[in-house]
Amino acid sequence: MEEVIGKPLSPYAVTKYVNELYADVFSRLYNLEIIGLRYFNVFGMRQDPDGDYAAVIPNFVKSLENVIQANQLVAIVDNPEAVNTVYNIAFGERTSLYELIDYLKEFLSDYDKTIKDVVVNYGPERVGDVPHSLASIDKAKNLLGYHPEYSVKEGLRKAIDWYWKNLK
């Protein structure tokens, strides 16, 4: 749930929370309508794997359409209850790192059969790493009409051809 912040476990998580605090203060001080989106494992075509905020999924290929839908919905929302708040943007199912790697190996092996036999070398856990991702998206569904079209598996299946052709 968006209202439950928890205790940030990494400097990255702290910066995300600080951004929400700034947005809240600016909203109250300057009477601005602000909406925050918390993205969970964004992936898809045309994503830059080398950017400062590159997600884990394109780096594995070298984590789509759901994010685009959320951005469009907040741009046109006219429900006063939907502004000045934060939304989790995800598919709404738990996904582990191991599942992501299995999906990628499955889909990429269509392009190179040897990929299915690659042995993954899992390094040690880093402090602050999240072992799996699961976001409640009820608030975005109720106030924005957000209904993601793609599960992580189906979104990856759709994006993998672009990854293969563009991330070499």
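All residue numbers refer to positions in the sequence shown, counting from 1.
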How about [atom1] on [X], more than 12 heavy atoms from neighbouring residues, nucleotides or ligands closer than 6.0 Å, or not?
| X | atom1 | result |
| --- | --- | --- |
| N79 | CG | yes |
| Y111 | OH | yes |
| Y30 | OH | no |

(request) Measure the CH2-CG distance between W164 and D161 for me, rounded to the nearest 0.5 Å. (result)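 Reported value, rounded in 0.5 Å steps: 10.5 Å.
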
(request) Would you give the length of the straight line joining atom CZ of R28 to atom CD1 of I34, rounded to the nearest 0.5 angstrom? (result)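 Atom-to-atom, R28:CZ and I34:CD1 are 10.5 Å apart.
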
(message) Please tell me whether S27 and N84 have a donor and an acceptor in their side chains that are separated by less than 3.5 angstrom.
(response)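 Result is yes, a qualifying pair exists.
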
Do you reckon [X] sits in the same ILVMFWY cluster as [Y], going by side-chain contacts under 4.5 Å, direct or chained?
| X | Y | value |
| --- | --- | --- |
| V18 | V25 | yes |
| I137 | V77 | yes |
| Y98 | V118 | no |
| I76 | V74 | no |

Minimal non-hydrogen separation, [X] against [Y], with atom names:
| X | Y | answer |
| --- | --- | --- |
| Y122 | I101 | CE2-CD1, 3.4 Å |
| P148 | A90 | CG-O, 3.7 Å |
| G145 | H147 | O-CD2, 3.2 Å |
| E20 | V86 | OE2-CG1, 3.6 Å |

(message) Could you tell me if K139 sits above the aromatic ring of Y87, with its cationic atom closer than 6.0 Å to the ring centre and no more than 45 degrees from the axis?
(response)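 Yes, a cation-pi geometry.
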
(message) Check for me whether the distance between the ring centres of Y163 and F107 falls short of 6.0 Å.
(response)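 Between Y163 and F107, the centre distance exceeds or equals 6.0 Å.
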
(message) Tell me whether S109 contacts the main-chain N or O of D112 through its side chain, where contact means a donor paired with an acceptor under 3.5 Å.
(response)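 Such a contact is absent between S109 side chain and D112 backbone.
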
